[in-house]
Amino acid sequence: MLSVTGLTKRYGDETVLAALSLSVDGGEFVTLLGPSGCGKTTTLLAIAGHVTPTAGTVSIGGRDVTDSPPEARSCGLVFQQDALFPHMTARENVAYALAPHDPDEQRQERRVDDLLSLVGMADHAGKHPEQLSGGQRRRVELVRALATDPDVLLLDEPLTGLDRALREDLRAEIARVHDRTGVTTLYVTHDQTEALSLSDRLVILDDGRVVGEGTPRSLYERPPNRFVASFLGPSAELTATLVSDDPPIAAWCGHEFVLEGSPPGDQITLLLRPDDVGNSFEGTATARDVRVEATVQDASHRGPHSSVTVEAPDGTHLSLAVEGFPDLHRGDDLAVGFDAADLFAFAGGERCAVSRSREAEYYDEP
Amino acid sequence: MLSVTGLTKRYGDETVLAALSLSVDGGEFVTLLGPSGCGKTTTLLAIAGHVTPTAGTVSIGGRDVTDSPPEARSCGLVFQQDALFPHMTARENVAYALAPHDPDEQRQERRVDDLLSLVGMADHAGKHPEQLSGGQRRRVELVRALATDPDVLLLDEPLTGLDRALREDLRAEIARVHDRTGVTTLYVTHDQTEALSLSDRLVILDDGRVVGEGTPRSLYERPPNRFVASFLGPSAELTATLVSDDPPIAAWCGHEFVLEGSPPGDQITLLLRPDDVGNSFEGTATARDVRVEATVQDASHRGPHSSVTVEAPDGTHLSLAVEGFPDLHRGDDLAVGFDAADLFAFAGGERCAVSRSREAEYYDEP
Amino acid sequence: MTWLGRRDHWVFAALGAVLLGYFLFPFVAFLGRTTASAPAEAVSPTAREAAVNSLVTAPVATAVATVFGVPLAYTLARTSFRGKRLVEALVVLPLVLPPVVAGAMLLTGIGRFTPVGGFLAGLGLGLTDSRAGIVLAQTFVAAPFVVITARAGFASVDRRLEQASRSMGYGRVATFWHVSLPLARGMVLAGVVLTFARAIGEFGATMMVAFNPRTMPTAIWVEFVSGGVDATVPLALALLAISLLVILATQRIGRAPTLAGW
Amino acid sequence: MTWLGRRDHWVFAALGAVLLGYFLFPFVAFLGRTTASAPAEAVSPTAREAAVNSLVTAPVATAVATVFGVPLAYTLARTSFRGKRLVEALVVLPLVLPPVVAGAMLLTGIGRFTPVGGFLAGLGLGLTDSRAGIVLAQTFVAAPFVVITARAGFASVDRRLEQASRSMGYGRVATFWHVSLPLARGMVLAGVVLTFARAIGEFGATMMVAFNPRTMPTAIWVEFVSGGVDATVPLALALLAISLLVILATQRIGRAPTLAGW
């Protein structure tokens, strides 16, 4: 439905997009995820025709629209910040979008009502944007973008600047609207949680390039490279050294990890997610492959759980979650444990699998 | 150290602060937490002398400063958005703050170096604000506010607008700086996580009034009223009806809960946090007091866990967390369970304790 | 609010009050003098004729400046091109150029003995000492006001609103009419009103290009030379009233004029 | 960028180009004419004297307007008080008032036969037909430019920067010098430059208040009456050069003038 090939955008010397390609199938919900400044918004504006790419093509619904003006592209656009017309009411905003596409006024009126009802805004139709709350404005903007019955719906970080509860509500609302209308959607965000929870498929951008693509689950559980692994979730970095080449074995804090494949270089980075770390305080460390004596650095409460940071013998800091408000303080001893299978090992940015921990083997044969 | 009594601020008809009182002891870290527009920033500006209160007094270090100009108040101020002087370097910004307090130039210079080193900014001392990253600017601003050796440090949502990893870093940095300097701190935020993790004590504001006060743990585990309970963490609302007065018993979905005290009115709201809900999919529902057959409405992935929403027989929607990427879809049956002791019961906004569930009693005597 | 009623504020206020006093003083003196004479009786036929000329020419000059100036303002606000700085300089030039110099320069372009002016004079359309000449002088001097103010107005319209409109299927011109112009309306109107004020008060360039037929300002000068200050009162009062109406209009629009950065 | 090179853009550009052409035309014609004559030889003693008068009075008027106008601008940007709308109207009045009317009003306040003017003339300090009179006329007409522009400059300084400075122990005046003024510097300078341009080009009010001693604009008028357009060339060229320098200065400061909303 939407396909972008070799999209490149340079401003003077600065390359914002470097030959980016992506495609979205009809009815799919794809999220473009990446840190600030990675070129997400530029991609969206180039698709909509508001930024002229230096090179590359954009096609929508099978038609090459690279040289078409925005008004000939059939893109519904929702911006990061409010872009409702302030001189029109909610109803007029939606009707304005509808007008070029349907001259029949009665039908128009019905459709405006339907759209506003779809997001529960029928009662606020007569209000001007400044009389609406932030969440209400976002809802009107969402259906305004749908009013033209666009081939592609483009959403540029639509939840930015809203508070947590409202983000949660609107996230559900967007998912619901997508389910109902089945509109092909490209959603841009820097928020991993939004991306993981909303999308059929994720495209991860870094520095104007696609660095990862797949379902949320596949990317989260089997990240193709170090950037994707650390961007999709916070993780500790364990710096291990290669102590043997065949089989490749990396050592960290007295534990040895057997790697698969042949890693380039002898610096191996092992990434470990906080959720995969057990601890002796709760008794969750013992059953793990690897057990390390560590010291508490910091315990900070998050409500349902606390985030505890410990220092491993080699100085590495690891975070882990402990239920409730544990009685842990800086300097306390706390052993931590994890399973070798939960590690992501990277050599030179590329991933190599960890098959098992060596010490775990010894334990198996006492 | 800092004490505010009966602080009131009206703009025309609008009351922003309604006789607000709070005090912060020497060296304490107190957070003023509340939703947007509750009067947090106005309180801070009134303490610093930049807003003239309609009524009430402010005293700092035992001295009544209600009528003193800002320059005579010894408040260090960090704003929500960057307020570094753009025409000065990082070093000059800090030196400017220092100048009125210490005429000795050599000592000044040393202190500027110390302060910048405290937050790891010594290498960037010669840069202008626009050459610094968002996090670096915040760090300079933090020590600039400390340079005057203020009686009170006032922080107004200093982490707003930064991305998640940076917020996490700076949150730790602020805690560390407070530990080192021991400065009396009043921290304003609308973010529950920040408030819970940073503070010795929380003051919760709503609509210009104090609605809760205490340690993070006490407020989270024993919220005094419904606003505090739902503001400190997301929760489902179970609407129960009073079926007996003595003892007061509330019924919901075939379960009866024995309340303590005598609730006013017969509408009882029971709040339940997602973390306290078990489920049959993971086998965590069975050991609970209360078990309800429900239907999955939505499962959205959050990375380490998924947030699953189910509909109880009476139509109530409950959220719960399930590890990983569970194979749960809209319409699936999923039994949920929770313990009566984890419920917060409110009648007319005020809290009443839940002693136990009736059905649980029957189970005890089969 | 925050600043009011604190101690060292008076330094600024006192210095400012001196200038305000100087602005107010002639106003008070003039009204004091005027009430002494009886203006209505003193209106000469010359003054009447001048009023008609001004009230015909200034609106025409304003209309010309608006029709061509608003599109120029929009182009400057929304496009970047080579030589934009030069175009901006050209727009500001009539604003900072002394009006008599503007008049002299206009004469070298459209005077009776220049190619353009001579040709048109031959067709009976004299560009000097005619209402056409007055309009030309007023347009040259007053047009920058509407360009500059409208440009600032268009620049303050969020570009994403225009992008949203385009993506809904509206072309650039339709988007201008439905979105840009309504949202910049206040500033555009303020610019039009200021251009009118400048046009009707134009003196230096008009003196050079079209001393005849008289406009209100040139008539004031002629009456002053022949009859002193008192003779100027009726026309001066009329122009003062127009100025006050202009100020009222800009304040109503919510846009008192400023000369801020663009 | 986004807008350039698309199809219906020409409508706006074409309309705008008409006005630009009209701004450019007299400029080209004048320079064409000038190269024909030899300006340096034609400089009369009257013109020399006028140049000296202008170069003495305009800077003085600019200085006076700045010293009193900048504090007024700061006060208007940072305080709200009853009657602020009236004060704003008073600041804008000299801007929209036709200069001849301003001159006539000034004469009713400081003329030789008024209490103030008569008293000072008795002391040998004539306010009309003197350099003092020129300065008064120039100040009245030109001062709004610095007030309005500086005000916009101060308004654009983030108030929290001033609050931060105050909380560090600096009083209001110290904060003004260290924070507000440096940050508003560009706009304040632009306002000063525009005030200078308006002062040195002032014609209408000066004609009324001080026809003698001649300034450059009044001398141009006198030379024009006696010798036609060609006689005005040396002084007109000098003023044109000053105007171009002013434009260059404002562009360097990064603040071309606008008349945007405040």
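Every chain is numbered from 1 and lettered A, B, ... according to where its sequence line falls, protein lines coming before strand lines.
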Rounded distance (nearest 0.5 Å) linking atom CG of D/Leu194 with atom CG of C/Leu95: 7.0 Å
Distance, nearest 0.5 Å, that separates CD of C/Gln251 from CZ of D/Arg85: 4.5 Å
Donor-acceptor contact below 3.5 Å, side chain D/Arg33 vs main chain C/Met105: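 No; judged by distance alone, with no hydrogens or angles, the pair does not exist.
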C/Tyr22 (side chain) donor-acceptor with D/Leu136 (main chain) under 3.5 angstrom: yes
So which atom in [X] and which in [Y] form the shortest heavy-atom distance, rounded to 0.1 Å?
X        : Y        : answer
D/Thr75  : C/Ala13  : OG1-N, 3.8 Å
D/Ala104 : C/Val229 : O-CG1, 4.1 Å
D/Gly69  : C/Leu19  : CA-CD2, 3.6 Å
D/Ser243 : C/Val96  : OG-O, 3.4 Å
D/Leu240 : C/Leu97  : CD1-CD1, 3.5 Å

Trace of the side chain to side chain contact (heavy atoms under 4.5 Å, CB included) decision for D/Val87 with C/Leu20: CA-CA 8 Å; D/Val87 169; C/Leu20 280 179; 3.6 Å; yes
Contacting region of [X] [heavy-atom separation from chain D under 4.5 Å]:
X        : result
C/Val116 : side chain
C/Thr114 : side chain
C/Pro94  : side chain
C/Phe27  : both
C/Phe113 : neither

Close approach to chain D in residues 196-203 of chain C, criterion heavy atom under 4.5 Å: C/Ala197, C/Gly201, C/Phe203
Aromatic ring pairing C/Phe23/D/Phe140, orientation class (parallel under 30°, perpendicular over 60°, tilted between): perpendicular
Parallel, tilted or perpendicular: ring planes of D/Phe12 versus C/Tyr74, cut at 30 and 60 degrees: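 Ring orientation of D/Phe12 relative to C/Tyr74: tilted.
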Counterpart residues, ring pair (Phe, Tyr, Trp, His ring centres under 6.0 Å), relative to D/Phe68 (two or more places apart): none
Is there side-chain contact between [X] and [Y], with at least one heavy-atom pair below 4.5 Å?
X        : Y        : value
C/Val18  : D/Leu72  : no
D/Ile220 : C/Met208 : yes
C/Met207 : D/Phe224 : no

Among [options], single out the residue with the greatest number of heavy-atom pairs under 4.5 Å to chain C.
options                      : answer
D/Leu93, D/Val225, D/Ile110  : D/Leu93
D/Val101, D/Leu90, D/Thr139  : D/Leu90
D/Thr232, D/Thr108, D/Leu244 : D/Thr108

Chain D interface, residue from C/Leu239, C/Leu248, C/Val193, C/Leu235 that has the most non-hydrogen pairs under 4.5 Å: C/Leu239
Leading residue by heavy atom contact count with chain D [cutoff under 4.5 Å; candidates C/Pro99, C/Ala29, C/Ala150]: C/Ala29
